[in-house]
Amino acid sequence: MTAKCTRCRDKAVIELRRHNAAFCKPCFLHFFREQVKRAIDKEDMLSPPDRVLVAVSGGKDSLALWDVLVELGYDATGYHIVLWTGEDYASDSLAHTQAFADERGLKLIVHDLKEERDFTIPELRKATGRSTCGGCGLVKRHEISKAAADLGFDAVAIGHNLDDEAAVLLGNVLRWDAQYLSRQSPVLAGDDGFVKKVKPLYRLTERETAAYAFLRGIDYQVEECPLVAGNTQLRYKAVLDAIERTSPGAKAAFYQGFLDHGREHFEGSDHVELRACASCGMPTPNEVCSFCRMVEQVDKSRA
Ligand code: SF4
Ligand code: ZN
């Protein structure tokens, strides 16, 4: 690359067309941290004394998030769930996460769901009719929310980037799903027994997060989950990538535009009374939460 860094005029290592900018390594890392700081301040996500539980899979986004939160001075503990996504993939995810934590002396909580409950993600799909990633996502959301509440954390941080959020928004808009649109936000306030959930990478693209991880020397898991085929979000991402190629900045404009002008029109569409799940105690609008119902369905299908 022959471009010069927009900030210091040194040789650039990355060009960001959507910002009409190029950066050398130190200036890109500065840019990345500034974007995270801006996200945290703008959406009032965290304050320095908060104890944050970071969902870490071993992939680039979650490890980059953990790294940048620690760099910014937050008290951030990692939380890794060993899932039933295939023996090699699951052990590789854990190995990358554990090595990252050990090298930096960070606290990591490992929750071995494979050990605790003996059903697999494909089995969940068969027993419940949910999509593979839908079932897996529900498991992950439930387990980290429960752990954060049980252990008294102030917030849960998730490594969703701009590409993830824009793809979810596209899916919600295609269905005009008012309930999901009312809840789509980089920060979900903690109430009714839920711990606050934040997405500090929402201003950064997947490519920018990968570049940050690479430039910080983070050894992340590169392989994709063997169960990802059929994930609808990947199709929406491909559509948005195609638009972004000819209109740099379109993805950010789509998502940020929704936050600034669209979200307010859907507020209140999701108001439901919550109570404690009869089985696990987590807040739910029903007697038993979706996670516990899913587990019951698997048990029944076996019986
Ligand atoms: Fe779970 Fe789907 Fe992610 Fe695999 S790709 S870890 S099945 S959500
Ligand atoms: Zn429950």
Side-chain angles (χ1 to χ4, degrees), residues 54-65 78-97 110-114 116-117 119-150 156 158-161 163-165 167-168 171 192-195 197 199 201 206 209-210 220-238 272-300:
V54 188
V56 274
S57 64
K60 62 181 185 329
D61 300 306
S62 57
L63 291 182
L65 173 62
Y79 182 82
H80 179 82
I81 305 179
V82 182
L83 285 160
W84 324 268
T85 41
E87 214 47 67
D88 293 348
Y89 182 78
S91 57
D92 198 42
S93 304
L94 174 61
H96 280 89
T97 308
V110 177
H111 183 175
D112 195 339
L113 262 178
K114 220 158 112 271
E116 200 175 285
R117 300 175 192 270
F119 50 73
T120 65
I121 295 286
E123 205 178 343
L124 276 186
R125 182 175 53 78
K126 268 189 224 141
T128 65
R130 282 178 188 268
S131 69
T132 308
C133 294
C136 179
L138 173 58
V139 171
K140 289 193 282 196
R141 283 195 300 278
H142 180 272
E143 295 301 286
I144 195 162
S145 299
K146 184 149 177 31
D150 290 350
V156 166
I158 313 277
H160 287 186
N161 57 41
D163 296 55
D164 298 320
E165 290 300 300
V168 171
D192 296 323
F194 278 117
V195 173
K197 211 172 263 179
K199 299 169 185 172
L201 301 184
E206 203 156 301
T209 312
Y220 60 84
Q221 184 178 34
V222 178
E223 300 74 39
E224 279 211 324
C225 170
L227 305 177
V228 75
N231 182 310
T232 40
Q233 255 200 49
L234 290 185
R235 292 206 298 274
Y236 297 150
K237 279 186 181 176
V272 278
E273 293 297 325
L274 298 177
R275 53 179 150 164
C277 166
S279 174
C280 72
M282 287 300 284
T284 170
N286 306 305
E287 200 188 329
V288 176
C289 76
S290 317
F291 172 81
C292 293
R293 277 208 309 272
M294 191 164 73
V295 173
E296 272 172 24
Q297 278 175 302
V298 175
D299 288 345
K300 264 193 210 143

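For ligands, and for the atoms within them, numbers begin at 1 and follow the listed sequence. Residue indices begin at 1 and follow the sequence shown.
Under 4.0 Å is where a charged nitrogen must lie from a carboxylate oxygen, and between R275 and E287 no such pair does.
Residues Q221 and T97 are not in side-chain contact: their nearest non-hydrogen atoms beyond the backbone lie 4.5 Å or more apart. Put simply, the side chain of Y89 does not reach to within 4.5 Å of the side chain of E224, judged on heavy atoms.
In this structure, atom 2 (Fe) of ligand 1 lies nearest to the protein heavy atom C133 SG, 2.4 Å. The closest protein non-hydrogen atom to atom 4 (Fe) of ligand 1 is C225 SG, 2.3 Å. Of the protein's non-hydrogen atoms, the one nearest atom 3 (Fe) of ligand 1 is K140 NZ, 3.7 Å.
Between Q233 and the choices V228, D163, D164, the side-chain contact (heavy atoms from CB on, under 4.5 Å) rule is met once, by D164.
Note on C289: counted as a metal contact of the Zn ion (ligand 2), an N/O/S atom lying under 2.8 Å.
Side-chain atoms of S62 and S57 form a donor-acceptor pair, as typed in the model, at a separation below 3.5 Å.
Shown in contact with C136 at under 4.0 Å from a heavy atom are these atoms of ligand 1, numbered in order with element: 1 (Fe), 6 (S), 7 (S), 8 (S).
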